[in-house]
Amino acid sequence: MASFFSLLRWELEEYLSFPVLAFLIVSAIAAVLFQTNSGGHITSERSYISLFHTSGTVFLFLTFCAGVFFSRSFAGAVGKGETKLMLSYPVKRWQLFLSKFTALFPIIFVIYGAAYALLLYFNSISVFEPMFFVTLLAFLLQLMLTCGVSVAVAMVTKSEIISILASLLFLLGIDSVGGAGTYLSAQGRLKFLFSYFGDLIHPDVPPFTEFSATAGDAATAVVVPVVIFLVLFVAAFVYFTRFMEVD
Amino acid sequence: MDAFVVETSGLVKSFGRATVLNHLDLQVPKGISGFIGKNGAGKTTTIGVLLGLLKPNGGKATIFGLDCWRESFQIRRRIGIMHEVNAYPGGFTAQRFLEHVARIYGVTQANQRVRQVLKDVGLSDAQDKPIKAFSAGMTRRLGLAQALISDPEFVILDEPTANIDPLGRVALLDRIKEMHKQHGTGFLISTHILSDLEKVCSWLSIIDAGKIVDQGNIEALAEKYSANIYKIEVSDPQVFVERVQMLSAVERVWIEDGKVYCKVQDPAVFYSEIPRIASELKLQLKGFQHMLGTLEEIYTKTSGGS
Amino acid sequence: MARYSAKNLTKVGVLVLAVGLVFLAGTFYRTSTTWGSGSVSNLFGLAPQTTHLVKASPFGESDAYIWPPSNLRLDVQANGTLDVHIVDQNGITQWNKNHVVDSVWAAYGIQQEIFNLHLNGRGPHTFLVYNPSEDIVHYEISYTAYGLESDLLYVSVVLTLSGLVVTVAGLLLSWKNRKNRNPPINKQP
């Protein structure tokens with residue numbers, strides 16, 4: 001276990017060191033500040049709705065950053081010969097794989113979540129507003145999907161740039177094609193979750209759209225990205241730990 | 001000869017249709033050994049298999065008697081490795097990088113060990129410099145430092161002198177020799193630069209097209225692949241040469257720095273004739289030495305002259 | 001050790017500076033995009049001697065607008081005199097609970113006027129309109145929020161300047177450390 005934590009420290013220092021971490025923080029703040037409120041007038045009774053209307057840029061930046069970071073850490077390390085170096089030390093393959101995931105995933109999520117909390121201040125929303133946590137859940141699902149796709153593509157291509165391009169084109173392509181009507185797109189998932197939980201938590205406030213989601217819709221919006229993530233992540237993990245040859 | 005540290009038998013490794021290692025039978029004893037072959041002969045692939053980075057398609061590879069694929073983790077705890085490609089994190093300082101490596105190996109008092117190793121490889125002054133600012137020679141020395149950080153029993157060096165200037169190369173090889181002398185660390189040096197091995201190795205394995213073409217103690221190989229040249233010191237070289245060149249067993253005779261050199265076709269006849277001629281001419285035979293083959297000769301003869 | 005501190009100080013400085021700059025850029029960007037304009041009016045007119053909390057919500061305590069601390073342009077058009085108050089969250093609560101007017105801005109006895117004012121607080125604000133006259137008054141209040149969000153601007157400037165100071169301090173420290181490590185060679189006479 002000691003070498004797992006050593007690897008974790010290595011990953012953090014290498015992939016989230018000063019300029020990269022600064023970029024991540026600045027990009028998350030920019031994603032929150034540089035968005036337009038497409039929802040018209042925000043009123044105090046319905047202020048939580050602004051969380052829905054101002055999430056588009058955050059989803060875009062989150063997908064981009066996570067795609068780049070996971071591709072760099074997994075495919076980039078193989079391409080540069082760093083994986084070969086690491087696996088020449090007394091390091092177990094599962095430790096290396098999971099240290100990469102553990103170093104990046106929570107930090108990206110926490111930074112974006114914290115930056116998004118700025119909206120609570122801007123729009124006078126309570127920190128305990130349940131819809132804020134529903135939005136965070138949507139971010140988490142998007143991060144899981146991005147992570148699963150990027151890591152799987154990285155294992156196949158072993159090239160940083162191809163991995164970045166392939167995963168981003170895939171994820172942003174789904175968003176662009178599917179729009180808000182599919183469980184696969186970030187906005188679509190948030191719409192289903194927001195609509196269902198919005199009606200549940202704020203029944204006295206008129207729904208923010210005419211669309212009304214069922215519990216099944218909300219559950220599917222959660223289950224689809226989780227299943228895709230698990231399938232891709234486990235496949236990548238098994239390939240990396242049992243079959244991958246490093247030359 | 002002690003038991004071999006590294007041993008492969010019938011090792012096969014293919015990438016698609018290309019067979020890179022074709023029934024490779026490598027044996028490496030403890031000590032400083034050379035692993036030589038042309039570019040593309042299969043040296044780096046062999047090292048990949050030895051480290052458990054590549055899974056062999058057939059045959060067996062062991063280090064310390066442990067299977068290189070299944071027991072790779074146990075092997076890696078006991079050896080150090082310096083790869084040909086520099087993949088060290090450029091943003092780290094040498095000190096920080098080595099501290100990380102030391103922690104992975106579970107080295108106690110990592111800081112002290114890092115300072116010691118940096119001193120051993122002559123990088124003490126550069127410990128706070130980021131690796132990306134290192135010259136090629138410094139990077140190779142850092143590679144040696146990370147390979148030695150855990151005080152391993154055996155170290156594999158893949159092209160350790162590639163891209164460094166002649167002086168840096170000599171210094172690096174001297175350090176390897178010193179390490180072996182001081183700590184008894186074994187080394188396997190994979191290279192395509194013959195002159196490197198001539199200076200430090202006691203054992204040589206020659207690989208060509210994925211096969212070991214010959215291997216053994218360097219002196220034995222030199223003997224085996226010698227050019228049958230003898231150096232003879234006599235009281236009157238001129239008279240001696242005139243007589244010796246009449247022998248049918250001798251192909252060519254010449255004098256260099258007052259010594260007689262003979263290229264011989266039939267050593268057995270030559271051995272019996274020389275003392276007889278010397279006594280016949282009443283010359284004093286001061287010295288008689290078989291000139292061993294150079295590494296270049298050995299390599300040329302074993303791997304097809306390229 | 002001192003060199004590491006100087007280096008880390010510079011890193012922290014650059015990070016704060018970068019965050020400050022992105023806040024500053026965001027502040028300018030948000031002036032024209034986040035909050036817009038609108039108008040409120042009463043259909044049946046405001047009865048004499050009565051006060052009306054604009055947009056009183058049927059769904060809850062209030063349905064006030066969330067305004068940033070920025071400039072506000074008010075265009076009041078009425079067919080009689082009015083007192084117009086702007087109340088914040090506290091004022092809304094005060095009015096709803098005790099019918100006490102606790103406004104952050106007020107104008108009295110106005111009929112047709114344009115005001116340019118600055119709101120300092122963030123959060124829900126709304127209008128409280130009082131008809132002091134003896135007649136029913138019809139009115140329309142048009143509003144436009146514009147300009148920089150003052151709290152965001154303040155934070156941006158503080159962060160940018162702090163980042164700049166810390167970065168420069170870090171750079172000076174490392175320059176000084178470098179100078180101490182490599183003292184100039186004294187020339188022999």
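Keep in mind the model is a prediction, meaning the values are calculated, not measured. Per chain, numbering begins at 1; letters A, B, ... match sequence-line order.
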Using a 4.5 Å cut-off on heavy atoms from C-beta on, say whether the side chain of B/Q146 contacts that of A/L85.
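Yes, their side chains come closer than 4.5 Å.
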Within the 4.5 Å heavy-atom criterion, are B/T45 and A/D247 side-chain neighbours or not?
no
Are more than 12 heavy atoms, taken from residues, nucleotides or ligands other than [X], located less than 6.0 Å from that residue's [atom1] atom?
X      : atom1 : result
A/F105 : CZ    : yes
B/K211 : NZ    : no
A/F170 : CZ    : no

Hey, does the side chain of A/E82 reach the backbone of B/P89 with a donor-acceptor pair shorter than 3.5 angstrom?
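Not at all, since once roles are kept as given, no pair shorter than 3.5 Å links the two residues.
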Can you measure from [atom1] ([X]) to [atom2] ([Y]) and round to the nearest 0.5 angstrom?
X     : Y     : atom1 : atom2 : result
B/R76 : A/S88 : CZ    : OG    : 7.5 Å
B/R96 : A/S17 : CZ    : OG    : 11.5 Å
B/L53 : A/M86 : CG    : CE    : 13.0 Å
A/K84 : B/T44 : NZ    : OG1   : 6.0 Å

Chain B contact via A/K80 - side chain, backbone, both or neither, heavy atoms under 4.5 Å
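Just its backbone gets close to chain B.
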Are the charged groups of A/R9 and B/E99 less than 4.0 angstrom apart, N to O?
no
Can you label the angle between the B/Y105 ring and the A/Y89 ring as parallel, tilted or perpendicular, going by 30° and 60°?
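Ring orientation of B/Y105 relative to A/Y89: perpendicular.
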Give the ring-plane orientation class for B/F97 versus A/W10, where under 30° counts as parallel, over 60° as perpendicular and anything between as tilted.
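Correct class here is perpendicular.
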Looking only at heavy atoms and a cut-off of under 4.5 Å, which of B/L51, B/V101, B/V85 has the most pairs with chain A?
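Counting heavy-atom pairs under 4.5 Å, the top option is B/V101.
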Looking at chain A, which one of B/I156, B/I104, B/I75 has the largest number of heavy-atom pairs inside 4.5 Å, strictly under?
B/I104
Please report the shortest heavy-atom distance between A/P90 and B/R77, naming the atom on each side.
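So the minimum-distance heavy-atom pair works out to CB-CG, 3.3 Å.
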